[in-house]
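Below is one structure; the comments refer to it alone.
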Amino acid sequence: MNFLTIFARNLKQGPQTEAFPLGPAFTPDRLRGRIEFKAESCEGCRICERVCPANAIRFAKTPDGMTFDCWHNTCVFCGNCEFYCPTDAIHQTNDWDLSHVNADKFDMVEHGLIPNQTCVDCGATALNTAPMVKNAKPPLSAEEYTELRARCPKCRAKYLKNRKVPA
Amino acid sequence: MSTHDVPETFSIPVGPLHVALEEPMYFKIDVKGETVSHIDINAGHAHRGIEYLTTKRTMYQNVVLTERICSLCSNSHPQTFAMAAEKIAGIEVPERGIYLRTVADEMKRVTSHLFNVALLVHLVGYETYFMHMMQVREIGQDMLESIFGNRQDIGAMCIGGVRYDLDDKSIAYIKGALDKIEAETKDIIKTFKTNGSILRRTKGVGVLTHADAITCGVVGPVARASGIDYDVRREAPYAAYDRLPLVVHSLTDGDVWSRAMVRLEEILTSIDLLRVCLRDLPGGPVNINDRPDIPPGQAVTRSEAPRGEVIYYLRTNDTPQPERVKWRVPTFMNWDSLRFMLQDAKVADVAMIVNSIDPCLSCTER
């Protein structure tokens, strides 16, 4: 293509730069941006904490349960946590707009709490995590899942062992 | 000293921060008039201690860390690292994962080569065409962002396969983008063959003869432009390269123009390889869907990064962290050849010749 053709084409197309902040910026669906944590689907396996290369993810035991914190100012947005999460409790949204004033720098945290509960069987205090039942055969019904979730880890194991599996 | 005793040679510093240099490299150049008579290369301005850091991170964290060694070869590093880990643990990557690795590799090669040749045009002084080439590269960058979620650190690799998958919609999108890049690249090649400004500044400049190239042990497009017909993708196929119609381009002149031309031709080859990959993409899983412990052992793997051959040595022990990770990057082999290329060059060509080896100091000095 000779230069006059490129010139004519560019004249017709207008500027190639984005109008941001006056207009929308190019944001694909798959863009790896801000981390989103869903406490209700977390199994509490803490694999995200182990694979995070920047140590941006921290779990901590508190009197209310287990807290999850992802520090966005430490995060490198690699997506390892989402990739290795067995229950899709962590998701990277395509929200890239993380600019903030310096005073807010300690608030750039995705926070979640896996609360404590009292086991319906033994009355022990345990975390209300999502049960690890990915490989349970046959898959649990919604009712069974709720029943299982209300128990502590020991009683969950018992529940699964005593579960009537149709032959 | 009287005015008549002006010394014949002057010593001028180029870099580490210099308007025309893209990388923090320091050259002490002795000039006689406008001609370079001797050069001293000094490095070490971009050292970040990543080699040490890899021994403090687990294998799975290191896949991300190695990706951040270099932004333009940011796929070759984790891929070669993952290949080494897979070799030690005896992991077989699923067939679809193998093809998707090749897709990610070639996409990065297209944008990396376009970037380097665009910078050459910028150093030639043809700013308008530089802008145009960067805009062509932007098609590739948008493609990377849309498929992988990031323009540079694409995060495609994991130990045991790849982290992304392609569906019909994304395959159609890639094909559309490749068509655009291919047409533009063909025009760029035509311009490089006919444009007077580019030809006058780059033809016969910074020549590295075949003999010197062998002496320096150069790799990648620098070697291929000096008539060394060598490409790791063909000599030691990894990923899916043994199944693909790979054409290795080599030229004999060894000047700046030849190195740019080899890169431009390789863009077209990469586009062909991508099309074949997308056509033959097998079904099945993209990775092993597991996170096995890597047993103690050691392995050496190599791959063809956009700049040339990158070699990884990995030694593991009983801990989750590797005991030693060592990599040899293409720029380490190529920058010694600058002594030959810059000899008797004009001072005005120094930046252009340095750019023609596509130096990447962030991975050389890590």
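With rounding to the nearest 0.5 Å, the separation of SG in C52(A) from CD in Q61(B) is 7.0 Å. Interatomic distance, CZ of R163(B) versus CZ of R32(A), reported as 5.5 Å (0.5 Å rounding). Distance check: I6(A) CD1 to M131(B) CE gives 14.0 Å after rounding to the nearest 0.5 Å. Atoms CD1 and SG, on I154(B) and C78(A) in that order, are 13.5 Å from each other to the nearest 0.5 Å. Rounded to the nearest 0.5 angstrom, D187(B) CG and T5(A) OG1 are separated by 8.5 Å.
More than 12 heavy-atom neighbours from other residues, nucleotides or ligands sit within 6.0 angstrom of CZ on F20(A). Under a cut-off of 6.0 angstrom, the local environment of CG in D29(A) is sparse, with at most 12 non-hydrogen atoms contributed by other residues, nucleotides or ligands. Other residues, nucleotides and ligands contribute at most 12 non-hydrogen atoms within 6.0 Å of the CD atom of E143(A). In the displayed structure, D167(B) atom CG is contacted under 6.0 Å by more than 12 heavy atoms of other residues, nucleotides or ligands. At most 12 non-hydrogen atoms from other residues, nucleotides or ligands lie less than 6.0 angstrom from CG of D293(B). Annotation: E92(B), atom CD; neighbour count of heavy atoms from other residues, nucleotides and ligands within 6.0 Å does not exceed 12. When the shell of 6.0 Å around CG of D97(A) is examined, it contains more than 12 heavy atoms from other residues, nucleotides or ligands. Within 6.0 Å of CG in D318(B) there are 12 or fewer heavy atoms belonging to other residues, nucleotides or ligands.
No side-chain heavy atom of N150(B) sits under 4.5 Å from any side-chain heavy atom of F77(A). Looking at heavy atoms from C-beta onward, R68(B) lies out of side-chain contact with P53(A) at the 4.5 angstrom threshold. With contacts defined as side-chain heavy-atom distances shorter than 4.5 Å, the pair F83(A)/N287(B) qualifies. Side-chain atoms of Y84(A) and C158(B), non-hydrogen and from C-beta on, do get closer than 4.5 Å to each other. T58(B) has its side chain out of reach of R50(A): every pair of non-hydrogen atoms, C-beta onward, lies at least 4.5 Å apart.
Scanning both residues, S146(B) and P28(A), for their nearest heavy atoms gives CA-CB, 3.6 Å.
Looking at R151(B), there are no atoms closer than 4.5 Å to chain A (heavy atoms on both sides), in backbone or side chain. For Q135(B), the part lying near chain A is the side chain, with the backbone staying farther off; criterion is any non-hydrogen pair under 4.5 Å. Proximity to chain A (any heavy atom under 4.5 Å) is shown, for D142(B), by both the backbone and the side chain. Both the backbone and the side chain of I147(B) come within contact range of chain A, each with at least one heavy atom under 4.5 Å from a heavy atom of that chain. With a 4.5 angstrom heavy-atom cutoff, T194(B) does not touch chain A via any of its atoms.
Between chain B and the options I47(A), N55(A), T27(A), heavy-atom pairs under 4.5 Å are most frequent for I47(A).
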Which is it for R291(B) and V51(A) under the side chain to side chain contact (heavy atoms under 4.5 Å, CB included) test, yes or no, and what are the steps along the way? CA-CA 10 Å; R291(B) 209 167 28 80; V51(A) 296; 4.2 Å; yes
